[in-house]
Amino acid sequence: MAATADGHAPRARPTLERPRKAGFGDFSTNAALLLAPVLGEPPRDVAARLGDALSDRLGDALERVEVAGPGFLNLFLSDAWHRGALGGVVAAGARFGAGGAAVPERISVEFVSANPTGPLHVGHARNAAYGDALCRILSFHGHAIEREFYVNDFGSQVLRLGESLQARARGEEVPEDGYRGEYVAELAAEIEGAAQRPVEEVARAGAAAVLTRIAATLEAFGVGFDLWFSERTLHEGGDALVRRAYDELERQGRTYRSEGALWLRTSQLGDDKDRVLERSSGEHTYFASDVAYHQHKRERGFDRLLDVWGADHHGYVARMKAAFAALGGDPERLELLIMQFVNLTGGASMSKRAGDFVTLDDLVGEVGVDAARWFLLARSHDTTVEFDLDLAREQEPQNPVYYVQYAHARIASLLRAAQDAEREVALARPDRGAPLEAAERELIKKVLAFPGEVEEAAARRAPHRIAAYALELAQQFSAFYRDCPVLKAESADLRAQRLAVSAATQGIIARALDLLGVRAPASM
RNA sequence: GCCCCCGUAGCUCAGCUGGAUAGAGCGGCGGCCUUCUAAGCCGCGGGUCGCAGGUUCGAGUCCUGCCGGGGGCGCCA
């Protein structure tokens with residue numbers, strides 16, 4: 001791009017984009033708008049010349065060009081180009097849109113990480129759905145992903161669980177700051193000798209039992225982990241990881257002693273103030289565990305670390321980043337993704353201590369895995385989700401997820417109706433040279449947008465983009481289904497071509513739903 | 001007081017690196033099933049993009065300041 005007359009670089013960059021409105025062509029460029037002041041000519045004249053040049057260059061891939069508005073140049077691609085592109089999609093098969101990452105990375109994604117002191121609730125459900133979908137998207141995009149669940153099985157919370165369990169087992173009142181849910185009584189009955197054994201043992205057994213339940217809940221929700229990392233292991237053994245992290249920090253000159261406690265100089269690295277690692281009592285803080293845990297992650301050699309946290313942890317971001325830098329890490333490679341809250345209405349409180357809250361299991365029981373995941377994933381992670389349980393329960397069939405699944409099922413029905421041989425023939429040669437109806441061309445365009453959507457969703461850590469795209473694709477298929485007979489097309493070629501378009505669409509709907517962890521049924 | 005997120009249609013939310021008449025779902029009103037699944041389709045109505053400035057040829061989008069909502073600021077986890 002040439003500099004402007006006054007020698008400064010132009011502020012805006014020339015773009016080649018796919019306009020939202022169909023009337024503005026398949027591609028649109030603002031190049032003429034930016035060139036005009038440099039050339040000293042009217043933007044529309046520049047656009048016209050640019051259009052002529054492109055027409056010569058692109059040949060029959062281009063149907064026509066249009067100068068529009070203040071000087072945009074809109075390019076309309078031909079049917080031949082669209083059919084050729086469709087052929088590419090069909091040929092790519094299940095790999096269409098996959099592996100687009102320019103620099104594949106080995107990434108650790110830590111999510112959920114709920115305390116093993118009670119059942120998962122709706123907030124955890126959002127974290128689980130988001131983290132899982134993010135892993136699926138990043139993996140599909142070409143990254144190597146490891147999924148981790150950090151188990152806080154060491155601190156005072158677990159001890160309180162033990163006290164609560166013991167109280168229940170003895171038929172006593174649960175302590176003021178204890179856990180009161182019904183599950184506590186259930187667990188107390190399950191754990192042998194809960195009334196007599198040392199409270200630490202009861203706590204440990206209780207946490208293990210809760211964790212087993214959590215894992216089962218997550219599995220039913222379609223969420224799995226490669227590693228369940230125990231906080232306790234950070235503190236065990238002579239060469240405890242916590243000690244090693246302290247040593248490393250000391251070597252880097254980042255720690256000091258004051259008032260009997262060991263402090264980390266996080267304020268030198270962007271935090272508001274320094275933080276305590278080891279209390280004057282000799283106990284480690286929760287922060288110390290996290291520092292050691294992240295040091296352990298560093299030692300495992302990831303290119304990037306992602307932590308999915310609840311909104312109540314956002315005050316923790318600065319110190320964690322600072323600690324990561326203090327350990328010698330690049331804070332840019334530690335991403336702390338904050339999930340905003342799920343505001344539950346029409347149901348019970350989400351307070352964990354209240355003992356009466358809507359669990360992930362309850363949620364799934366009410367609306368099913370697919371609707372629950374869709375609902376939690378369809379919104380950006382940094383906006384609060386309004387989840388009306390009554391509405392979700394009553395309006396299940398109106399949920400957009402069913403619309404998308406329905407489109408998939410319809411295509412499956414179409415393909416079933418076609419003979420196997422015909423389907424294969426259609427997919428072997430999708431381009432039959434038949435002219436494209438408007439709805440057909442729009443559907444192909446939507447299909448072709450998929451890799452870009454994956455790229456966007458991966459780069460922005462934004463699964464909700466996939467949900468939005470899936471809905472749009474399903475809508476575009478509905479228009480195609482309405483306007484373009486497939487099985488009843490006038491000619492065999494047209495029938496084959498439309499079968500290919502349908503099959504390609506089906507594959508992408510299935511893939512998009514899979515990236516969200518939602519099923520793609522063959523019939524509904 | 002400081003920090004983070006949000007403020008777009010009656011409700012719930014999209015809106016990608018600033019671009020051309022601001023979109024969807026739900027809800028409302030009115031139509032469409034001897035025709036590839038009506039869990040569907042079509043049409044209508046509905047918005048000073050919180051407010052005020054600023055940058056720009058161009059701002060829902062970027063900057064500043066207010067207002068409103070949510071959350072967080074512990075030698076708790």
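Remember, it's a predicted structure, so these values are computed and weren't measured experimentally. Atoms considered below: every heavy atom in the structure, side chains included; atoms not considered: hydrogens, waters and symmetry mates. Each chain gets a letter, A, B and so on, in the order the sequences are listed, and its residues count up from 1.
For His235(A) and His284(A), the distance between ring centers is under 6.0 angstrom. Residues Phe450(A) and Tyr469(A) place their aromatic rings such that the two centres sit under 6.0 Å apart. The distance between the ring centers of Tyr150(A) and Tyr293(A) falls below 6.0 angstrom.
Distance alone, capped at 3.5 Å, places no donor-acceptor pair between the Ser413(A) side chain and the Ala409(A) backbone.
Around CD of Glu250(A), the count of heavy atoms belonging to other residues, nucleotides or ligands within 6.0 Å does not exceed 12. Counting heavy atoms of neighbouring residues, nucleotides and ligands inside a 6.0 Å radius, atom CZ of Arg204(A) does not exceed 12 of them.
If you check G25(B), G40(B), C16(B) against the side chain of Arg410(A), the one that comes closest is G40(B). If you check C36(B), A38(B), A20(B) against the side chain of Leu414(A), the one that comes closest is C36(B). Side-chain proximity of Tyr481(A) to the nucleotides C36(B), G25(B), A20(B) is greatest for C36(B).
For the P atoms, the distance from G69(B) to U12(B) is 16 Å, rounded to whole Å. Taking atom C1' on both G72(B) and C29(B), the two are 46 Å apart, rounded to the nearest angstrom. On the C1' atoms, G47(B) is 25 Å away from C63(B), given to the nearest whole Å. Separation of the C1' atoms belonging to G60(B) and U8(B) is 7 Å when rounded to the nearest angstrom. Remark: the separation of the C1' atoms in C41(B) and C36(B) is 14 Å, to the nearest Å. Between the C1' atoms of G50(B) and G70(B), the separation comes to 16 Å (whole Å). Comparing the C1' positions of G45(B) and U61(B) gives a spacing of 28 Å, expressed to the nearest Å. Taking atom P on both nucleotides, U21(B) is separated from U34(B) by 43 Å, rounded to a whole Å.
Among the protein residues, Pro400(A) comes within range of the sugar-phosphate backbone only, with heavy atoms under 4.0 Å from sugar or phosphate atoms but none that close to a base. Within the 4.0 angstrom heavy-atom criterion, only backbone atoms of the sugar-phosphate kind lie near Leu471(A); the bases stay farther away. Using a 4.0 Å heavy-atom distance criterion, Asn74(A) is classed as a base contact. Residue contacts for Ala522(A): at a heavy-atom cut-off of 4.0 Å it reaches a base atom on one of the strands shown. Residue Ser289(A) is out of contact with every strand shown, counting any heavy-atom pair closer than 4.0 Å.
Using N1 to N3 plus N6-O4 or O6-N4 for Watson-Crick, or N1-O2 and O6-N3 for G-U wobble, each under 3.5 Å, G1(B) pairs with C73(B).
Across the interface with RNA chain B, nearest-nucleotide mapping of Ala474(A) and Phe72(A) shows Phe72(A) to be the residue nearer the 5′ end. The 5' end of RNA chain B is approached more closely, in terms of each residue's nearest nucleotide, by Glu472(A) than by the other of Glu472(A) and Arg416(A).
Atom CZ in Phe477(A) sits about 11 Å away from atom P in C41(B), given to the nearest Å. Put simply, CG on Leu336(A) is 19 Å from P on C3(B), counting in whole angstrom units. For the pair Asn30(A) CG and U17(B) P, the interatomic distance rounds to 15 Å; values are reported in whole Å. The interatomic distance linking Phe387(A) (CZ) with C13(B) (C1') rounds to 14 Å, in whole Å. To the nearest angstrom, P of C4(B) lies 13 Å from CG of Asp271(A). Rounded to whole angstrom, the span from the CZ atom of Arg460(A) across to the P atom of U61(B) amounts to 16 Å. Rounded to a whole Å, the NZ atom of Lys488(A) is 5 Å from the P atom of C36(B). Taking atom CD on Gln476(A) and atom P on A24(B), their separation rounds to 13 Å, with Å as the unit.
Residues Gln497(A) and Glu440(A) form a side-chain contact, since some pair of their non-hydrogen atoms from C-beta on lies under 4.5 Å apart. Looking only at side-chain heavy atoms (C-beta outward), Val308(A) and Met339(A) come within less than 4.5 Å of each other. The shortest side-chain heavy-atom distance between Leu473(A) and Leu443(A) falls under the 4.5 Å cut-off. Tyr130(A) has its side chain within reach of Leu337(A): a pair of non-hydrogen atoms, C-beta onward, lies under 4.5 Å apart.
Distance check, rounded to the nearest 0.5 Å: CG of Leu471(A) to OH of Tyr403(A) gives 7.0 Å. Residue Arg410(A) holds its CZ atom at 5.0 Å from OH of Tyr481(A), rounded to the nearest 0.5 Å.
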Item to check | Stepwise salt bridge (charged side-chain N to carboxylate O under 4.0 Å, His left out) test for Lys297(A) and Glu110(A) | outcome: CA-CA 10 Å; Lys297(A) 286 189 190 180; Glu110(A) 180 210 326; 3.0 Å; yes

Checklist entry - So Glu278(A) and Arg257(A), salt bridge (charged side-chain N to carboxylate O under 4.0 Å, His left out) or not? Walk me through it. => result CA-CA 9 Å; Glu278(A) 190 182 81; Arg257(A) 288 236 166 232; 2.9 Å; yes

Checklist entry - Which nucleotides of nucleotides 71-77 of chain B have their base under 4.0 Å from a protein heavy atom (B), which only their sugar-phosphate (S), and which neither (-), written as one string 5' to 3'? => result BS-SBSB

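A donor-acceptor pair shorter than 3.5 Å can be found between the side chains of Gln268(A) and Arg254(A). Counting only N and O atoms by type, the side chains of Thr384(A) and Asn343(A) include no donor and acceptor under 3.5 Å apart.
Taking side-chain N and O atoms only, Arg482(A) has a distance below 4.0 Å to OP1 or OP2 of C42(B). The phosphate of C41(B) (OP1 or OP2) has no side-chain N or O of Gln475(A) nearer than 4.0 angstrom. Using a 4.0 Å cut-off, some side-chain N or O of Tyr403(A) falls inside it from OP1 or OP2 of C41(B).
With sequence neighbours left out, Asp271(A) forms a salt bridge (charged side-chain N to carboxylate O under 4.0 Å, His left out) with Arg275(A).
At a non-hydrogen distance threshold of 4.0 Å, Glu456(A) from residues 446-458 of chain A come into contact with RNA chain B. Listed in residue order, the members of residues 498-507 of chain A having a heavy atom less than 4.0 Å from RNA chain B come to none.
Across Asp153(A) and Pro116(A), no two heavy atoms sit closer than the pair CA-CG, 4.3 Å.
Anti is the conformation of C32(B), whose glycosidic angle sits further than 90° from 0.
One cannot find a donor-acceptor pair under 3.5 Å joining the base of A14(B) and the side-chain atoms of Ser380(A).
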Any protein N or O atoms within reach of nucleotides 7-12 of chain B? Criterion: under 3.5 Å, listing atom names and distances.
from   : atom 1 : to        : atom 2 : distance (Å)
U12(B) : O2'    : Arg379(A) : NE     : 3.4
U12(B) : O2'    : Arg379(A) : NH2    : 2.4

Close N/O contacts between protein and nucleotides 30-34 of chain B (under 3.5 Å):
none

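Relative orientation of the Trp309(A) and Tyr316(A) rings is perpendicular, given thresholds of 30° and 60° on the angle between their planes.
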